[in-house]
**Q** 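Right, I'll just put the structure down here and ask away after.
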There are 2 protein chains.
Amino acid sequence: MDDKPIERLLAAGLVVFAERGFREATVRDICARAGTNISAIRYYFTSKEMLYREVLAYSFREADRKYPQAAFSDESLPASDRLKIFIRHLLMRLLDESDLGFHARLMAREIAEPTEALHFIIDTVMKPRFLILRELIPQLVGDTLDHTDIDRVIHCIIGQCLVFRHSKPMIERLCPEVISSPEAIDRTADMIIRFSLGGLRALDPSPGSLL
Amino acid sequence: MDDKPIERLLAAGLVVFAERGFREATVRDICARAGTNISAIRYYFTSKEMLYREVLAYSFREADRKYPQAAFSDESLPASDRLKIFIRHLLMRLLDESDLGFHARLMAREIAEPTEALHFIIDTVMKPRFLILRELIPQLVGDTLDHTDIDRVIHCIIGQCLVFRHSKPMIERLCPEVISSPEAIDRTADMIIRFSLGGLRALDPSPGSLL
DNA sequence: ATCCTATTCAAACAGGCGTTTGAATGCAAG
DNA sequence: CTTGCATTCAAACGCCTGTTTGAATAGGAT
């Protein structure tokens with residue numbers, strides 16, 4: 001447990017908001033975890049909603065600290081390698097059960113049921129990655145697809161990663177083995193990569209494809 | 001509006017539960033939509049939770065009535081055709097904005113944040129479809145994958161469909177065109193099918209593949 | 001008309017929520 | 001020690017929730 005109440009509230013808020021969502025999270029629960037009095041939220045953040053915004057910012061800071069500038073934005077690497085890195089990176093973050101996992105869960109929540117903070121999140125973390133994929137994918141499928149189809153392909157790829165996070169309850173009932181261990185998650189990442197590269201190859205009509 | 005209060009409450013409950021989730025939905029809102037008094041829920045369903053269960057059952061009934069026994073379980077068709085039907089079917093249901101869309105949203109909610117009803121839903125609607133895919137996929141990729149990898153592939157495929165439902169808020173901000181019209185959704189389904197068949201081909205080492 | 005049952009209704013209830021209060025506490029500076 | 005300020009605390013506030021109540025209403029059977 002950190003020393004200052006502000007840090008403790010941010011850390012506790014991250015956990016509770018990630019697990020229960022904004023509305024279902026209670027300030028009493030957050031404060032209990034943080035070991036503070038209820039009114040500490042008002043004192044330091046003025047309201048639950050302001051705390052939530054600060055938790056989001058805190059979450060981004062922590063995530064960027066642990067996963068700094070992903071190598072997938074390194075333009076000197078081959079496009080297919082960059083895509084592989086992106087997929088593995090994304091899946092790991094999504095299924096990470098440490099502090100980092102809360103960040104992923106928090107964002108998954110915002111995507112599915114946006115608060116007013118969604119625009120900020122999209123522009124800050126989603127859009128930059130999205131734009132990189134927008135220039136990456138055409139390098140892998142040639143010029144046959146228009147920009148809308150490129151966006152479709154991008155979602156096909158990230159959807160394969162997201163499903164393992166947000167359908168987790170179903171997965172754990174139907175086939176828990178696919179993500180039950182770090183090795184299993186690793187194999188899942190491999191599978192998504194093989195599957196996606198195969199999918200991209202099917203979209204590229206040129207015979208001597210880069211893939 | 002239907003005639004009987006029970007029907008009206010079920011229909012209103014479907015809409016409100018699908019849009020707000022179980023906890024955030026209020027009985028006052030549901031009753032207002034249904035045009036009944038608040039205590040009608042107690043009178044006909046004894047509690048909000050019992051109403052929710054009945055809404056789930058009602059939702060399944062309605063969905064099966066509109067999308068009866070999908071052709072994709074027709075074993076006389078080629079496996080690849082059955083997969084195509086499955087993908088198109090699933091995406092259409094997920095993005096359908098009519099009554100049927102509420103059914104899909106309701107289930108998407110249960111998958112992401114299960115109530116006690118999840119087990120029932122999984123065994124009733126998910127598992128049967130999942131088991132069909134479990135026998136379908138091996139026909140398309142040969143015998144090279146163990147059953148866990150088959151389950152991974154299944155999730156890669158359904159993940160591509162699910163992402164367009166549950167990342168909708170993000171899609172509508174980053175690239176709304178991909179699902180902005182029935183034609184666009186149709187093109188998205190085509191893309192998922194091409195992408196998935198390509199992915200499956202990449203997993204099948206045999207030269208003269210069925211794909 | 002009278003009774004009985006089914007249904008509707010407005011009002012209130014208890015509990016949990018985020019927020020607010022005002023006093024208690026700690027602690028460094030004068 | 002005293003002052004002043006930042007911080008903590010228990011308690012209460014007002015609001016909204018699901019639920020409950022008991023009376024009002026309706027409509028068919030006798």
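Throughout, a chain's letter reflects where its sequence line sits, starting with A, and its residues are numbered from 1. If you're wondering where the values come from, they're calculated on a predicted model, not measured in any experiment.
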**Q** What is the distance, to the nearest angstrom, from the CD1 atom on B/I38 to the P atom on C/dA10?
**A** 9 Å
**Q** Taking the side chain as every heavy atom from C-beta outward, state whether B/I150 and B/V141 have any pair of such atoms under 4.5 Å apart.
**A** yes
**Q** Under 3.5 Å, which donor-acceptor pairs link side chains of residues 163-173 of chain A to any protein atom two or more places apart or in another chain?
**A**
unit_1, atom_1, unit_2, atom_2, d
A/R165, NE, A/L94, O, 3.0
A/R165, NH2, A/L94, O, 2.8
A/H166, ND1, B/H166, ND1, 2.6
A/H166, ND1, B/H166, NE2, 3.0
A/H166, NE2, B/H166, ND1, 3.0
A/K168, NZ, A/E97, OE2, 2.5
A/R173, NH1, B/H119, ND1, 3.4
A/R173, NH2, B/D123, OD2, 3.1

**Q** Quickly work out the A/L51 CG to C/dC17 C1' distance and round it to whole Å.
**A** 15 Å
**Q** Taking 4.0 angstrom as the limit, do A/D190 and A/R187 come out as a salt bridge?
**A** no
**Q** Rounded off to whole Å, could you give me the CE-to-P distance for the A/M50 and C/dT20 pair?
**A** 12 Å
**Q** Could you grab the distance from atom CZ of A/R88 to atom OG1 of A/T188, nearest 0.5 Å is fine?
**A** 10.0 Å
**Q** Which nucleotide wins on minimum distance to the side chain of B/V27, given the candidates D/dT19, C/dT8, C/dC17?
**A** D/dT19
**Q** Grab the NZ-P distance between A/K48 and C/dT19 for me, whole Å please.
**A** 8 Å
**Q** Please examine the side chains of A/I87 and A/C161, heavy atoms only from C-beta on, and report whether any two atoms are closer than 4.5 Å.
**A** yes
**Q** Got a salt bridge between B/R53 and B/E49, using NZ or NE/NH1/NH2 to carboxylate O under 4.0 Å?
**A** yes
**Q** Honestly, is B/K48 close enough over B/F17, meaning NZ or CZ under 6.0 Å from the six-membered ring centre and within 45° of the axis?
**A** no
**Q** On a plain distance test, is the side chain of B/R28 in donor-acceptor contact with the base of D/dG18 below 3.5 Å?
**A** yes
**Q** Evaluate B/I111 against B/I121 for side-chain contact (heavy atoms from CB on, under 4.5 Å), listing each step before the verdict.
**A** CA-CA 9 Å; B/I111 295 171; B/I121 292 182; over 6 Å; no
**Q** Taking CD1 from A/I41 and P from C/dT19, how many angstroms apart are they, rounded to a whole number?
**A** 8 Å
**Q** Does any non-hydrogen side-chain atom of B/S196 lie less than 4.5 Å from one of A/F195?
**A** yes
**Q** Nucleotides 21-28 of chain C: which of its N/O atoms have a protein N/O under 3.5 Å away?
**A**
none

**Q** Using whole Å, report how far OH of A/Y43 lies from P of D/dA10.
**A** 17 Å
**Q** Is there a residue in residues 17-26 of chain B whose heavy atoms reach under 4.0 Å of DNA chain C, and which residues are they?
**A** none
**Q** Whole-Å distance between C/dC17 P and A/E49 CD?
**A** 18 Å
